[in-house]
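Predicted model only: the values in this text are computed from it and were never measured. Keep in mind that the numbers below use all heavy atoms, side chains included, and drop hydrogens, waters and symmetry copies. Residue numbering restarts at 1 for every chain, and letters A, B, ... go by the order of the sequence lines.
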Amino acid sequence: MTVRVRFAPSPTGYLHIGSARTALFNYLYARHTGGKFLLRIEDTDLARSTEESTQSILQGLEWLGFAPDEEIVFQSDNADKHRAIALKLLEEGKAYRDFTPKEEKVEGSVKDAIKERARAAGDQKSMRDNPFRDITEVEAETRIANGEPFAIRLKVPMEGTTSFEDGVYGLQERDYAETEDLVLLRSDGHPLYNLAVVCDDIEMGITHVIRGQDHLTNTHKQILIYRALGVEPPTFAHLPLIMAPNKGKLSKRKHGEVVSMTTYRDAGFLAEAFRNFLALLGWSAGEEKEIYSLDELISKFSLEGIHRSNAVFNFTEGDARKWTDDKAMWMNAEYIRTMPLGDLLPHVKAELKSAKLWREEYEPDGRALVATVPSTESQAFEASTEIADRPEAIAIEPLEVGTYDWYIRTIDAIRSRFFTLKDFSSQGRAYFSEDFDFNHAAVEKNLKAFPELMEWLPELSMRFRHEFGNEGSLPFTEENIEGVIKAFTAEKGTKLGVIMNGARTLLTGVSVGPSMLTVFEIIGLQRTMVRLLGRIAWNQAEVVAE
RNA sequence: GUCCGGUUCGUCUAGGGGUUAGGACACCGCCCUUUCACGGCGGCAACACGGGUUCAAAUCCCGUACCGGAUACCA
């Protein structure tokens, strides 16, 4: 029997980080077993479901790369079938009509109201004492004739236990006494969650249900429905939950955008990096390794590797530097600086395009296209190493700014200190445009702290012109630049760092980046000379500093 | 309240009768670059508590505490 799993979000918000991980585990399990990964939108709560959040969820899944193997099922489309099944159970005496008037919606927290009601009932109350559980058909007919509304509840047997072997938590047992006669159909004829899920899972041929641990008790209820229907339940596996830093619930209301998948897409995260991070939240292959390609995750994934304890998604609210989990950020940076360059290029292109920094010269003759649209990972690697090898081979002569070769070398150089794709257009802006800002802290630390630089740096500009700017001069390459800079530094009797850091800030607007010699070279002689003169920059620095 | 589940460095985790309790992130230090948030090396830092079983318990059993989930005519 081939494995069929499903991810079944309810469209009442965007794709939550916990849901994303559930989707990931389902996806990995399907791929690992050669099964099918299906998607079902549980939009039976018309009041709360929105088209907007359905789209947001779909976008999140698309970004993560989890395309369903079959057509998407919308649960609300099956409401008639669910109703029919509830009626069938009623007919068979496995369900009954409950004429108890519907309770009014309570004010405030629903959760608290439920807790309060349960406490008030104490342990005296039996789950089987519904007065309508065993009324005669005649009485029921009379009430119906009187126009009394009724809900349909499952008639849970008086004695027994539901049990199942959970793929993660092991044997789970629950006495019938702990389970209420759950409502299948509302008095307005609307099918409820547990009924809808069971019916759809049966119809979709689901073999393994992998979902959050918060569904553990639902599973017992659902098994009761499977039994009433005479259908063998699928295998269940429940996942530990992802918690907020205070070990409480991670929610949009309390924590905002950090929990939404689209936030990470928009913040310049790579889907492969985020997937990798997510996979390690609650699962481990039992080895000392952090970076896993999707293929590796698929081949190593197993239910046995899933933990039973909840994991904290660690971030600091109000701290711009730690707005999301450190490890997620590190993982993204790690991918950006170590992944095959050819795989990174399309992402950088998209980022530069959206920042209006892209130039067609960066991708002539469809060269990058060939290298970056490989059909397998190994091909991607070959293609990208080929590209990555090029810069070194041609570094003997300075590259012409704005060319394909220059672009490749520049991206490869600057990616080493970047954390997100956004950095290519923000921190890296000075490489692609004359219109860039100066970081306040960098100006303070590297320029204003050394007033002499206001003289020295323009002087260095003239020195560069003298050394490299004439017919037959040495090429403006790292090795040659180093010689000139060192001599210049010695002349001024200052530390190399002062000159280097000052130049870095004047040239790039920031205080970090690749080796400064590399920066000089890829900024190029012309731009270096102009920027070192620094009129505009010093002026701007003043403005920014104030 | 009741039922279910959990508890190894700040966080993610490895280990599951004998380990100097390992790795990663974060943090700190040193080195490299007479420059930085790259890189290299190192440091800080954990078995919730109490009983038992055992020659030996972080590991097995029981209890306690704490945390989480569930307990809807929500999903």
*Asks:* Which whole-number value in Å describes the distance from A:Met331 CE to B:A24 P?
*Replies:* 13 Å

*Asks:* Pull out every protein N or O sitting under 3.5 Å from an N or O of nucleotides 7-13 of chain B, one pair per line with the distance.
*Replies:*
residue : atom : partner  : partner atom : Å
B:U11   : OP1  : A:Lys247 : NZ           : 3.4
B:U11   : O4'  : A:Asn314 : ND2          : 3.2
B:C12   : OP1  : A:Val312 : N            : 2.7
B:C12   : O2'  : A:Leu280 : O            : 3.0
B:C12   : O2   : A:Lys327 : NZ           : 3.1
B:U13   : OP1  : A:Gly282 : N            : 2.5
B:U13   : OP1  : A:His307 : ND1          : 3.2
B:U13   : O3'  : A:His307 : NE2          : 3.2

*Asks:* Between B:A75 and B:A14, how far apart are the P atoms? Round to whole Å, please.
*Replies:* 35 Å

*Asks:* Of A:Gly248 and A:Tyr193, whose nearest nucleotide on RNA chain B comes first from the 5' end?
*Replies:* A:Gly248

*Asks:* Are more than 12 heavy atoms from other residues, nucleotides or ligands located less than 6.0 Å from atom CD of A:Glu159?
*Replies:* no

*Asks:* Given the C1' atoms of B:U53 and B:U59, what is the spacing between them in whole Å?
*Replies:* 13 Å

*Asks:* In whole angstrom, give the distance that lies between atom NE2 of A:His238 and atom P of B:G5.
*Replies:* 13 Å

*Asks:* So, is A:Lys249 close to the B:G68 phosphate, meaning a side-chain N or O under 4.0 Å from OP1 or OP2?
*Replies:* no

*Asks:* Could you tell me the Watson-Crick or G-U partner of B:G17, where both distances fall under 3.5 Å? Say none if there is no partner.
*Replies:* none

*Asks:* In whole Å, I'd like the distance from the CG atom of A:Leu239 to the P atom of B:G6.
*Replies:* 14 Å

*Asks:* Are more than 12 heavy atoms, taken from residues, nucleotides or ligands other than A:Lys495, located less than 6.0 Å from that residue's NZ atom?
*Replies:* no

*Asks:* Once you apply the 3.5 Å cut-off to both distances, tell me the Watson-Crick or G-U wobble partner of B:C36, or none.
*Replies:* none

*Asks:* At 4.0 Å (heavy atoms only), tell me whether A:Met329 reaches a base, stays on the sugar-phosphate, or touches nothing.
*Replies:* nothing

*Asks:* Hey, does A:Lys289 reach any base, or is it just sugar-phosphate, or nothing, if we go heavy atoms under 4.0 Å?
*Replies:* nothing

*Asks:* To the nearest Å, how far apart are A:Glu491 CD and B:U34 C1'?
*Replies:* 17 Å

*Asks:* B:A75, OP1 or OP2 - any side-chain N/O from A:Arg48 closer than 4.0 Å?
*Replies:* no

*Asks:* Scan nucleotides 35-50 of chain B nucleotide by nucleotide, 5' to 3', and note B when protein non-hydrogen atoms come under 4.0 Å of the base, S if they reach only the sugar-phosphate, - if neither.
*Replies:* BBBBS-----------

*Asks:* Which is it for A:Arg429 and A:Asp437 under the salt bridge (Lys or Arg N to Asp or Glu O under 4.0 Å) test, yes or no, and what are the steps along the way?
*Replies:* CA-CA 9 Å; A:Arg429 191 177 175 89; A:Asp437 292 330; over 6 Å; no

*Asks:* Taking atom C1' in both B:A57 and B:G17, what distance in whole Å separates the two?
*Replies:* 6 Å

*Asks:* Which is more 5' along RNA chain B, the nucleotide nearest A:Pro191 or the one nearest A:Leu241? Just name the residue.
*Replies:* A:Leu241

*Asks:* Please check if the number of heavy atoms outside A:Glu296 that lie under 6.0 Å from its CD is greater than 12.
*Replies:* yes

*Asks:* Scan A:Pro101 against the nucleic acid and name what it touches under 4.0 Å (heavy atoms): base, sugar-phosphate only, or nothing.
*Replies:* base

*Asks:* Under 4.0 angstrom, heavy atoms only, what part of the nucleic acid is A:Asp175 near: base, sugar-phosphate, or nothing?
*Replies:* nothing

*Asks:* Taking CD1 from A:Ile485 and P from B:U33, how many angstroms apart are they, rounded to a whole number?
*Replies:* 17 Å

*Asks:* Using Watson-Crick or G-U wobble geometry with both distances below 3.5 Å, tell me the partner of B:C27, or none.
*Replies:* B:G43

*Asks:* Starting from P on B:G69, measure out to CG on A:Leu250 and report it in whole angstrom.
*Replies:* 11 Å

*Asks:* Apply the test salt bridge (Lys or Arg N to Asp or Glu O under 4.0 Å) to residues A:Arg409 and A:Asp412: give CA-CA distance (whole Å), side-chain angles for both, the deciding distance (0.1 Å), then the verdict.
*Replies:* CA-CA 5 Å; A:Arg409 173 149 152 78; A:Asp412 200 31; over 6 Å; no

*Asks:* Only one of A:Phe277, A:Tyr14, A:Trp323 clears ring pair (Phe, Tyr, Trp, His ring centres under 6.0 Å) with A:Tyr264; which?
*Replies:* A:Trp323

*Asks:* Among B:G69, B:C4, B:C3, find the nucleotide with the atom closest to the side chain of A:Leu216.
*Replies:* B:C4

*Asks:* Taking atom P in both B:G51 and B:C12, what distance in whole Å separates the two?
*Replies:* 29 Å

*Asks:* Quick one: is B:A75 close enough that its OP1 or OP2 comes under 4.0 Å of any side-chain N or O from A:Thr44?
*Replies:* yes

*Asks:* Side-chain donor or acceptor of A:Thr217 under 3.5 Å from a matching atom on the base of B:C4?
*Replies:* no

*Asks:* With the side chain of A:Lys486 defined as its heavy atoms from C-beta on, choose the nearest nucleotide among B:C73, B:U34, B:G5.
*Replies:* B:U34

*Asks:* With rounding to whole Å, what would you report as the distance between B:A48 and B:A24 at their P atoms?
*Replies:* 23 Å

*Asks:* Is the gap between the ring centers of A:Phe132 and A:Phe150 under 6.0 Å?
*Replies:* no

*Asks:* How many whole angstroms separate atom CG of A:Leu185 from atom C1' of B:A72?
*Replies:* 15 Å

*Asks:* Counting Watson-Crick and G-U wobble pairs only, both distances under 3.5 Å, name the nucleotide matched with B:A58, or none.
*Replies:* none

*Asks:* Given A:Asp181, which of A:Arg128, A:Lys155, A:Lys221, A:Arg153 fulfils the salt bridge (charged side-chain N to carboxylate O under 4.0 Å, His left out) condition?
*Replies:* A:Arg128

*Asks:* Taking only residues two or more places apart in sequence, or in another chain, which ones meet A:Lys492 in a salt bridge (charged side-chain N to carboxylate O under 4.0 Å, His left out)?
*Replies:* A:Glu459

*Asks:* Roughly how far apart are A:Phe464 CZ and A:Asn480 CG, rounded to 0.5 Å?
*Replies:* 10.5 Å

*Asks:* Can you check whether A:Arg186 has a side-chain N or O nearer than 4.0 Å to OP1 or OP2 of B:C74?
*Replies:* yes

*Asks:* Say you pick atom P in B:C62 and the same atom in B:U71; how far apart are they, in whole Å?
*Replies:* 28 Å

*Asks:* Sub-3.5 Å donor-acceptor pair from the side chain of A:Thr338 to the main-chain atoms of A:Glu334, do we have one?
*Replies:* yes

*Asks:* Quick check for you: to the nearest 0.5 Å, what is the distance between A:Leu28 atom CG and A:Leu303 atom CG?
*Replies:* 11.0 Å

*Asks:* Using whole Å, what does the distance between atom P of nucleotide B:A72 and atom CD of A:Glu178 come to?
*Replies:* 12 Å

*Asks:* Looking only at atom P, what distance separates B:G42 and B:U54, rounded to whole Å?
*Replies:* 43 Å

*Asks:* Using purine N1 to pyrimidine N3 plus N6-O4 or O6-N4 for Watson-Crick, or N1-O2 and O6-N3 for G-U wobble, each under 3.5 Å, what pairs with B:U64?
*Replies:* B:A48

